[in-house]
Amino acid sequence: MSSRVVKYAVIGVGGHGVNRHIVPLLSIPNVKLVAIADINKPRCEEVASKYNTKCYTDYVDMISKEEVDAVSIVTPTGLHATIAIDVLKSGVHVLVDKPLGANLNEVVNVVKTANKMNKKVMVGYWSRFSPALQYAVEVYKNGLLGEPYYAYGFLIRRRGIPGSPTFIDKKLSGGKGALLDIGCYIIDNLLTATGFRKPLSVTGAVYTKFGNIADEVRFNWGAWDSSKFELEDFATGFIRFEGGLTMAFEVAWAANVSHVGEVGYMRVLGDRGGIEARGNEAMKDVSFHSRSENYLYDAKPVLRSANMAQEMLKSFICSIIEDREPPVTGYQSIILHSIIDAVYTSSNMGREVKIVLPEI
Ligand SMILES: NC(=O)c1ccc[n+]([C@@H]2O[C@H](COP(=O)([O-])OP(=O)(O)OC[C@H]3O[C@@H](n4cnc5c(N)ncnc54)[C@H](O)[C@@H]3O)[C@@H](O)[C@H]2O)c1
């Protein structure tokens, strides 16, 4: 990195804003945390005092008063796009924690604004910095899968409906449940491992089976009012891509499965080799399966350990300093959200829906 210092601010300093943005930022050279913004004044002041920075309760005020080059946006999802567009319009680069917006329309508007303002937009999928996923990408790019024809994955919690309004209040969550909140990870992982091909059609279904049950078991993720729960807690989808690849996924905040915690799994099948990976939102373990002349064989890479949140932030800072495209692009989120939106539409209509990617 050059010696240029990027002046940085974080908008939304709840759990994730502190643990996955402020804390990893502090040990990255070339970055100075100049301010934070959060509508929760006591929380904002507490975090500002702990990390020796300035606190604002209005991010617009912060951007106008402070000299800021870049921000992380770590507010509830329903606010991501509005805040990102405001900040981009002020000429500031943005790292938006996942997902980039609540729907495709919002995502397109953020990407268009970034292009117009010639500012960077990166999406905070820390899962992209998983060495296991990066190995899967290397295998794919080196042609070791041959032609990938099928990808499958799931991200399932047995009982993990989040109790916090950030995730289940319809306005804050963007009006969507498990599919948008954690489905975005497994779909992003699968798209990453298969090169973000162009989706053609989607068949999907979403269900609410646990969140609206008054005496449902609450398990470590907080309580919620079941009479007001209106979001999906399970979703499945089947996607066809240009070139013949198909993809299927399952995602659940709650399901009657054997494991208790959040478990993620993915496989990509090609005609020369296959990848299997396990983890949660981020893959932690990966293996490659193929054949030699006379044998079937399995390979397991020795993976480095990684501070994924920090690598994510570093790559964003580098993309600003070196003026290059960030590694997790807005355009990739257009593909991702075209799929997510189509799952809801398909579920409502009870049939397959075609995808036409918007012009950018
Ligand atoms: N990448 C991950 O693994 C991961 C994990 C958890 C959460 N997240 C994402 O991070 C975001 C926040 O999640 P969290 O768990 O930190 O939630 P949280 O509820 O702990 O924090 C959200 C914070 O945003 C603040 N806020 C709300 N409106 C605001 C506004 N207009 N301006 C400034 N601040 C505002 C709230 O006061 C709160 O402090 C969500 O979009 C979520 O999807 C990502």
Side-chain angles (χ1 to χ4, degrees), residues 9-24 35-48 50 54-63 68 71-87 94-103 106-107 110 122-130 133 155 157 160-169 171-189 221-222 224 231 251 253 262 264 279-284 307-313 316 328 333 336-337 340:
V10 176
I11 303 175
V13 292
H16 202 65
V18 171
N19 298 329
R20 295 260 175 78
H21 289 258
I22 293 180
V23 171
I36 59 173
D38 198 300
I39 51 166
N40 179 339
K41 196 170 179 206
R43 171 72 181 174
C44 192
E45 285 174 349
E46 177 203 328
V47 174
K50 183 163 179 192
K54 289 187 201 165
C55 148
Y56 288 82
T57 50
D58 178 353
Y59 68 87
V60 176
D61 194 27
M62 175 181 79
I63 297 293
V68 175
V71 302
S72 281
I73 298 170
V74 207
T75 59
T77 295
L79 309 171
H80 283 183
T82 306
I83 299 179
I85 289 169
D86 281 351
V87 172
V94 298
L95 170 61
V96 185
D97 209 289
K98 54 58 66 178
L100 184 51
N103 54 51
E106 287 191 358
V107 167
V110 175
M122 176 162 149
V123 194
Y125 286 102
W126 61 286
S127 43
R128 289 284 192 95
F129 299 84
S130 140
L133 183 67
L155 185 57
R157 299 173 184 169
I161 295 175
S164 158
T166 289
F167 300 96
I168 57 171
D169 173 280
K171 194 159 167 251
L172 295 178
S173 74
K176 294 170 176 137
L179 174 56
L180 184 64
D181 177 37
I182 56 172
C184 64
Y185 282 113
I186 188 62
I187 303 171
D188 186 75
N189 283 337
W221 294 78
W224 67 94
L231 309 174
V251 57
W253 272 344
E262 182 182 85
N280 40 39
E281 292 158 357
M283 293 299 141
K284 292 181 174 163
N307 181 337
M308 293 181 245
Q310 192 177 60
E311 290 192 13
M312 173 183 85
L313 284 153
F316 176 54
V328 187
S333 273
L336 174 69
H337 287 261
I340 290 178

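First listed ligand is number 1; within each ligand, the first listed atom is number 1. One-based numbering along the sequence shown. Model, not experiment: these values are computed from the prediction.
Summarising the contacts of atom 32 (N) of ligand 1 with Ile73, Thr77, Ile39, the nearest heavy atom is found in Ile39. In this structure, of Pro99, Pro76, Gly174, the residue bringing a heavy atom nearest to atom 27 (C) of ligand 1 is Pro76. Considering each of Asp58, Thr75, Asp97, Val96, the one bringing a non-hydrogen atom nearest atom 11 (C) of ligand 1 is Thr75. When the options Asp38, Asn40, Val13, Ile11 are ranked by their closest heavy atom to atom 38 (C) of ligand 1, first place goes to Asp38.
In terms of protein heavy-atom proximity, atom 3 (O) of ligand 1 is nearest to Tyr185 OH, 2.4 Å. Counting only heavy atoms of the protein, atom 12 (C) of ligand 1 lies nearest to Val74 O, 3.3 Å. The protein non-hydrogen atom at the shortest distance from atom 4 (C) of ligand 1 is His16 CE1, 3.0 Å. The closest protein non-hydrogen atom to atom 15 (O) of ligand 1 is Phe167 CZ, 3.5 Å.
Set against the non-hydrogen atoms of Gly14, the atoms of ligand 1 under 4.0 Å away are 16 (O), 20 (O), 21 (O), 23 (C), 39 (O). The His80 neighbourhood of ligand 1 comprises atoms 41 (O), with distances under 4.0 Å to a heavy atom of that residue. Residue-ligand proximity, Thr166 to ligand 1, at heavy-atom distances under 4.0 Å covers atoms 17 (O), 18 (P), 19 (O). In the vicinity of Gly15, heavy-atom distances shorter than 4.0 Å reach the ligand 1 atoms 16 (O), 20 (O). Using a 4.0 Å cut-off to heavy atoms of Lys98, the atoms of ligand 1 that qualify are 1 (N), 9 (C), 41 (O), 43 (O), 44 (C). Every atom of ligand 1 is numbered from 1 in the order shown, and the set under 4.0 Å from a heavy atom of Trp126 is 1 (N), 2 (C), 3 (O). Interface atoms of ligand 1 facing Glu281, defined by a heavy-atom separation under 4.0 Å, are 3 (O). Close approach of ligand 1 to Arg20 is summarised as follows: ligand atoms under 4.0 Å from at least one heavy atom of the residue are 2 (C), 3 (O).
Every pair tested for salt bridge (Lys or Arg N to Asp or Glu O under 4.0 Å) that includes a residue from residues 76-86 fails, sequence neighbours excluded, so the list is empty.
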request  = With side chain to side chain contact (heavy atoms under 4.5 Å, CB included) as the test, would you mind laying out the steps for Leu180 and Lys98 before giving the verdict?
outcome  = CA-CA 9 Å; Leu180 184 64; Lys98 54 58 66 178; over 6 Å; no
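With sequence neighbours excluded, the residues forming a side-chain hydrogen bond (donor to acceptor under 3.5 Å, both in side chains) with Glu262 are Arg157, listed by chain and number.
By the criterion of a heavy-atom distance under 4.0 Å, the side chain of Leu79, and not its backbone, is placed next to ligand 1.
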